[in-house]
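Here the structure is laid out as structure tokens; the discussion comes afterwards.
In listed order, ligands and their atoms are each counted from 1.
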Amino acid sequence: MEAYLIDGGRPLDGVMEIHGAKNSVLPIMAACVCCAGTCEIRNCPRISDVETAVAILRHLGCRVERRGGTLAVDAAGLARCDIPAKLMRDMRSSILFLGALLARCGRADLVLPGGCALGARPVDLHLQAMGRLGARAEQAGDRITCRAGALRGQEFTLRFPSVGATENAMLAALGCRGTVVLRNAAREPEIVDLAQFLRVLGAQVSGEGTDRLTVQGGAPLHGAAYTVMPDRIETATYLCAAAGCGGDVFLAGAERRSLEAVISVLGRSGCQITEEASGLRIQASGRLTPPGSVATAPHPGFPTDAQAPVMAAMLRAAGTTGFTETIFENRMRHVPQLRRLGADITLYGRRAVVRGVGTLRGADMEATDLRCGAALIVAALQAEGESRVTGVPYIRRGYEALAENLRNAGAAVTLQNE
Ligand code: UD1
């Protein structure tokens, strides 16, 4: 079994590279289906979720080629609108092909998407949005069938600002006659990135980053090149590694603007984070002050994806930190794993109370989802002696060259292939 071997307990010092955002490139890849020309996606990360999206695009009849960090997608030859169960279940973002296929072909035959097990992850908001735009969207067992004679512009409100449902609605809106106005839309930076990509293709989108998004359907889309935003959760993970271990790390390519909530927490705990021309620098003493309570919320609140890594950074803080998960019902699965290192964490359902301990000791741990994996790595880097982290395929879903990146900052991390 593959495992990361980490000899922890040393400060980090050096330069790490931030790649293109997973949660941005996946909707952008789905959006390529709506365009008959060639889209060049620059800064495309080498992660397994991107490979899954490539396999889906090729299955649909698109030509996809990678040249270095650029992915070229040509959907001119799109020949089908079904996605096999195996590919759908490899990741959550496969559901974004629903809106894209509906816009392009007026139909989609899918099954429920997979992805990390964080509790119930229904798709009712996605299906409701398709319904509001005039499609017949049905779920029978795990099969999703969507048909639309003509999609029509509509104004409607999402019950919750779901990131995925907002993206699906934006994509389906491209195929609508008339104007789509989406209220209570998600405001995440990745929504802004998708809107910018769609505009580069010729779509008329406005209001991204606010809770009222507008798309004028029916504009012809042409091929274009676009550079994906830097990954804010990869950035947050490495900031947490440096915060927990102490040291001086430069994150090349990182941006501050999408990360204020995380930077504010790390700043309150004593880290110095400064933005420079080409990235972010973090300086930390290795002994943090508890930042107070942290509760996840839709953007611009504290991101659910950063909850586990920030908890891992606070395991040795000088006092108590509370974490409340409000987005997903089962997103504390890192807690029992972190206890193996000697962490003092009490769990009350979706709330965790972390009492800082003087020392963590290396242990064997198993990642059970992507950000759980990130947290285990952040914790193992602080633990004295050797740790072994399995569940590597989860981590590969979202982190390019993790071991190499950490080694460039002086960490002793190797990926063992057995
Ligand atoms: C969520 C995060 C996003 C993160 C991504 C990957 C939020 C608001 N969203 O996006 O920032 O990048 O995970 O980890 O933090 N829901 C429904 N019905 C639906 C869709 C969602 O009830 O049809 C519920 C979910 O069960 C969950 C909440 O809405 O409680 C958030 O879901 P959503 O934003 O859709 O999740 P993702 O798009 O996966």
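- Between H299 and E190, the side chains place no donor N or O within less than 3.5 Å of an acceptor N or O (distance only, hydrogens not considered).
- Of the heavy atoms in I327, both backbone and side-chain atoms come closer than 4.0 Å to ligand 1.
- The shortest heavy-atom distance from A165 to ligand 1 is not under 4.0 Å.
- By the neighbour-count criterion of 12 heavy atoms within 6.0 Å, atom CZ of R177 is sparsely surrounded, having that number or fewer from other residues, nucleotides or ligands.
- If you look at E167 next to ligand 1, there are no close heavy atoms at all, none under 4.0 Å.
- Where the criterion is an N or O separation shorter than 3.5 Å, residue side chain and backbone included, V163 meets it with respect to ligand 1.
- For ligand 1, one of its N or O atoms has an N or O atom of S162 under 3.5 Å away.
- Close approach to G164 involves these atoms of ligand 1, each under 4.0 Å from a residue heavy atom: 35 (O), 38 (O).
- The atoms of ligand 1 that sit less than 4.0 Å from any heavy atom of N23 are 12 (O).
- When each atom of ligand 1 is checked for a heavy atom of V123 under 4.0 Å away, the hits are 23 (O).
- Less than 4.0 angstrom separates some heavy atom of R159 from each of these atoms of ligand 1: 22 (O).
- In this structure, L125 and R159 approach most closely via the heavy-atom pair CD2-NH1, 3.6 Å.
- Residues Y399 and N405 have side chains that never bring a donor and an acceptor to within less than 3.5 angstrom of each other.
- Under the 3.5 Å distance criterion, with hydrogens and angles disregarded, a donor-acceptor pair is assigned to the side chains of T346 and R355.
- Using a 4.0 Å cut-off between heavy atoms, Q128 makes no contact with ligand 1 at all.
- Of the N or O atoms in F160, none lie within a sub-3.5 Å distance of an N or O in ligand 1.
- We find the CZ-CZ distance between R333 and R371 to be 15.0 Å, quoted to the nearest 0.5 Å.
- The two residues C271 and A284 make their nearest non-hydrogen contact at SG-CB, 4.0 Å.
- Using a 4.0 Å cut-off between heavy atoms, D124 contacts ligand 1 through both its backbone and its side chain.
- At least one N or O atom of L125 sits closer than 3.5 Å to an N or O atom of ligand 1.
- M130 and A172 make their closest contact through SD-CB, 3.7 Å (heavy atoms, listed as atom of the first residue, atom of the second, distance).
- Using a 3.5 Å distance cut-off with no hydrogens or angles, the side chains of N168 and H126 do pair a donor with an acceptor.
- An N or O contact shorter than 3.5 Å is missing between T304 and ligand 1 by distance.
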